[in-house]
Amino acid sequence: MKLPFVTQEKLEEIIQEYPTPFHLYDEKAIREKARALNNAFSWNAGFKEFFAVKATPTPAILKILQEENCGVDCASEIELLMSHKLGFKGEDIMFSSNNTPAQEFQYAREIGATINLDAYEHVAFLKDVTSVPETISCRYNPGGVFSLGTDIMDNPEESKFGMTKAQLIQAFKDLKVLGVKKFGIHSFLASNTVTNDYYPALAKELFELAVEVVAETGVTLDFINLSGGIGVNYLPDQVANDIMTIGEGVRQAYESILTPNGLGNVKLYTELGRFMLAPHGHLITRVLHKKKTYRDYVGVDASAVNLLRPAMYGSYHHITVSGKETLPETHVYDVVGSLCENNDKFAKQRPLPEVEVGDLLVIHDTGAHGFSMGYQYNAKLRSAEILLQEDGSTRLIRRAEKPEDYFATLYGFDF
Ligand SMILES: *Cc1c(COP(=O)(O)O)cnc(C)c1O
């Protein structure tokens with residue numbers, strides 16, 4: 001059973017101060033997750049997690065991760081700017097961008113971020129628009145399909161990211177001539193994997209590639225970046241990934257492939273977003289209306305602007321009716337927002353206990369790719385974000401937008 005990290009009693013207390021809807025984050029669990037990850041990879045001396053900022057671009061959250069020895073992974077100038085302002089040092093910022101504008105490479109160089117080149121063509125571009133750093137990484141795309149056992153996990157062939165093996169080898173040779181001293185290899189082959197086998201399989205593939213690339217180019221390999229892709233158990237019957245098992249699987253691949261080939265000092269990096277944060281955020285929303293036509297509808301005060309994943313990908317997000325955790329699921333509802341779009345549904349035909357107007361619903365696993373994918377369609381404003389702190393108190397870490405925010409960029413009208 002998937003239970004919220006907050007009780008009905010606590011929620012009733014929080015909403016005295018902050019109106020729904022809002023995103024709520026669990027500080028204690030976020031810290032524990034970061035520690036578990038660092039512990040699982042503690043066998044690798046240079047291990048570092050660079051949290052994918054796009055998942056939860058909220059300064060208070062990034063600061064917590066910084067305190068837990070994580071860096072950040074950025075893909076745009078504003079993510080870089082925010083990370084820099086938050087005091088992340090150059091070496092703690094990975095810039096894994098693609099289709100990158102010149103000024104973003106320039107800014108990444110200015111703040112000393114580690115550049116992860118997405119394209120072979122970006123080698124010449126980087127040299128033209130700024131200077132070539134001493135340490136650089138290249139992103140690999142093996143093409144074909146990526147499968148684990150009989151399951152096809154994802155389709156690198158169709159992915160716009162990364163370079164072919166031949167391009168990666170040529171990029172390393174070119175970059176060496178341009179003065180690069182230390183190299184990294186990065187790859188992201190499958191998203192939201194709910195299996196302990198993804199990272200070990202990816203690691204094996206990248207470690208074998210690394211041995212081949214080093215033999216062919218003679219470069220000094222500094223790090224291998226396993227990137228994101230460890231998923232979460234959105235469905236109640238899914239089993240959560242076990243990071244200790246994953247770390248151990250990667251260690252075995254490391255010791256059987258890298259160490260015997262003289263690469264036993266290579267640092268491992270990760271760029272996890274979803275795994276770090278998704279389970280530790282809830283979207284809290286209140287039931288405004290019930291409606292009965294061909295289906296039974298529950299209308300809430302959040303909408304797809306607060307959480308796009310169900311509308312965009314048909315994603316499942318578990319829903320708990322706060323205070324009715326143990327009641328039987330006797331009713332079937334579509335749980336909907338108020339956008340003028342029929343895909344604005346948090347759940348379709350979902351069994352739930354009987355819902356009443358005024359109930360608080362907890363939408364689970366919204367801590368990553370939740371608030372950050374929000375938008376303002378139908379002139380809906382972005383919600384607040386609230387941190388449930390370790391001592392049980394709450395802190396507003398982002399206020400809800402006001403009408404003035406919506407109108408702020410307009411010229412010639414005074415609202
Ligand atoms: C999105 C992204 C991540 C994080 O992915 P998750 O699925 O949230 O773990 C990491 N690295 C890169 C380059 C990304 O684009």
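- Under a 3.5 Å cut-off, the side chain of Glu67 and the backbone N or O of Arg31 do not form any donor-acceptor pair.
- Between the side chains of Arg274 and Tyr234, at least one donor N or O lies within less than 3.5 Å of an accepting N or O.
- Donor-acceptor pairing under 3.5 Å is lacking for the side chains of Thr259 and Glu255.
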Kindly indicate, with the supporting measurements, whether the criterion salt bridge (charged side-chain N to carboxylate O under 4.0 Å, His left out) is fulfilled by Asp26 and Lys33.
CA-CA 11 Å; Asp26 181 358; Lys33 182 62 74 65; over 6 Å; no

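- Under 3.5 Å, the side chains of Gln376 and Tyr406 contain no donor-acceptor pair of N or O atoms.
- No hydrogens or angles considered: a donor-acceptor pair under 3.5 Å links the side chains of Arg109 and Ser131.
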Would you sort out whether Ser338 and Lys380 count as a side chain to side chain donor-acceptor pair (under 3.5 Å), showing the intermediate values?
CA-CA 10 Å; Ser338 55; Lys380 291 282 183 181; 2.7 Å; yes

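- Judged purely by distance below 3.5 Å, without hydrogens or angles, the side chains of Glu12 and Gln16 never pair a donor atom with an acceptor atom.
- For the 3.5 Å distance criterion, the side chains of Tyr199 and Asn241 fail to qualify, holding no donor opposite an acceptor.
- In this structure, Leu258 CG and Leu268 CG are separated by 7.5 Å, a value rounded to the nearest 0.5 Å.
- Shortest non-hydrogen contact noted between Ala113 and Phe95 is CB-CB, 4.4 Å.
- Look at Asp118 and Lys160 and you find no salt bridge, because none of the NZ, NE, NH1 or NH2 atoms lies under 4.0 Å from a carboxylate O.
- There is a side-chain donor-acceptor pair under 3.5 Å between Gln349 and Asp334.
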Apply salt bridge (charged side-chain N to carboxylate O under 4.0 Å, His left out) to the pair Glu329 and Arg350, showing each step before the final yes or no.
CA-CA 9 Å; Glu329 293 162 342; Arg350 180 74 56 89; over 6 Å; no

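- A heavy-atom distance below 4.5 Å is found between the side chains of Pro142 and Glu205.
- Few gaps surround NZ on Lys173; more than 12 heavy atoms of other groups in view lie less than 6.0 Å from it.
- Atom CD1 of Ile64 and atom CD of Gln389 lie 8.0 Å apart (nearest 0.5 Å).
- Under the 30°/60° scheme for interplanar angles, the aromatic rings of His23 and Phe371 are found to stand perpendicular.
- Two rings, from Phe207 and Tyr254, have their centers less than 6.0 Å apart.
- For Ser96 and Glu271, the side-chain atoms include at least one donor-acceptor pair closer than 3.5 Å.
- A salt bridge links Glu401 to Arg382: one of the charged nitrogens lies within less than 4.0 Å of a carboxylate oxygen.
- Contact check on Asp222 versus Lys267 returns a salt bridge, with a Lys/Arg side-chain nitrogen under 4.0 Å from an Asp/Glu carboxylate oxygen.
- Side-chain contact of Glu325 with Gln8: a donor-acceptor pair under 3.5 Å is absent, judged by distance alone.
- Using a 4.0 Å cut-off between charged nitrogen and carboxylate oxygen, Arg399 and Asp405 count as a salt-bridge pair.
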Begin with the C-alpha distance, continue with both residues' side-chain angles, and end with the deciding distance and a verdict on salt bridge (charged side-chain N to carboxylate O under 4.0 Å, His left out) for Glu134 and Lys182.
CA-CA 6 Å; Glu134 277 208 355; Lys182 293 193 284 184; over 6 Å; no

Steps toward side chain to side chain contact (heavy atoms under 4.5 Å, CB included) verdict (Phe346, Val336):
CA-CA 6 Å; Phe346 291 115; Val336 304; over 6 Å; no

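- Here the shortest heavy-atom pairing between Ala368 and Gly273 reads CB-O, 4.0 Å.
- In terms of heavy atoms, Leu62 sits closest to Thr56 at CD2-O, 3.9 Å.
- Taking every heavy atom of both residues into account, Asp365 and Asn233 meet most closely at OD2-O, 4.0 Å.
- Side-chain contact check for Trp43 versus Val250: some heavy-atom pair is nearer than 4.5 Å.
- By the side-chain hydrogen bond (donor to acceptor under 3.5 Å, both in side chains) test, Lys89 pairs with no residue at all, sequence neighbours left out.
- Side chains of Arg309 and His369: a donor-acceptor N/O pair is absent below 3.5 angstrom, by distance only.
- When all heavy atoms of Ile115 and Ala108 are compared, the closest pair comes out as CG1-CB, 4.2 Å.
- Lys165 and Glu212 are joined by a salt bridge, as a carboxylate oxygen and a charged side-chain nitrogen come within less than 4.0 angstrom of each other.
- Salt-bridge check for Glu79 with Lys54: failed, with every basic side-chain N at 4.0 Å or more from each acidic carboxylate O.
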Working note: Ser393 + Asp391, criterion side chain to side chain donor-acceptor pair (under 3.5 Å); need CA distance, chi angles, decisive distance, verdict.
CA-CA 6 Å; Ser393 63; Asp391 64 2; 2.6 Å; yes

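- Rounding to the nearest 0.5 angstrom, the gap separating the CD1 atom in Ile397 from the NZ atom in Lys63 is 14.0 Å.
- Remark: the Tyr120 side chain and the His122 side chain contain no N/O donor-acceptor pair separated by less than 3.5 Å.
- Checking Thr130 against Gln106 by side-chain atom types alone, no donor-acceptor pair falls below 3.5 Å.
- Note: Tyr333 and Tyr297 fail the aromatic proximity criterion, with ring centroids not under 6.0 Å apart.
- Using modelled atom types and a 3.5 Å distance limit, the side chains of Asp301 and Thr285 yield a donor-acceptor pair.
- Here the side chain of Asn306 pairs no donor or acceptor atom with the backbone of Ala302 at under 3.5 angstrom.
- A distance of 11.0 Å separates OG of Ser147 from CG of Asp154, quoted to the nearest 0.5 Å.
- Under a 4.0 Å N-O distance rule, the pair Glu32/Arg35 does not qualify as a salt bridge.
- Outside the 6.0 Å centre-distance limit, the rings of Phe5 and His280 are not counted as a close aromatic pair.
- The CG atom of Leu272 sits 4.5 Å away from the CD atom of Glu49 when rounded to the nearest 0.5 Å.
- Evaluation of the side-chain hydrogen bond (donor to acceptor under 3.5 Å, both in side chains) rule for Thr320 yields His364 as partners, not counting sequence neighbours.
- Atoms OH and CD1, on Tyr25 and Ile30 in that order, are 8.0 Å from each other to the nearest 0.5 Å.
- No side-chain heavy atom of Asn141 sits under 4.5 Å from any side-chain heavy atom of Thr164.
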Derivation and outcome, ring-ring contact (aromatic ring centres under 6.0 Å, His included), residues Phe146 and Phe188
CA-CA 11 Å; Phe146 181 75; Phe188 190 158; over 10 Å; no

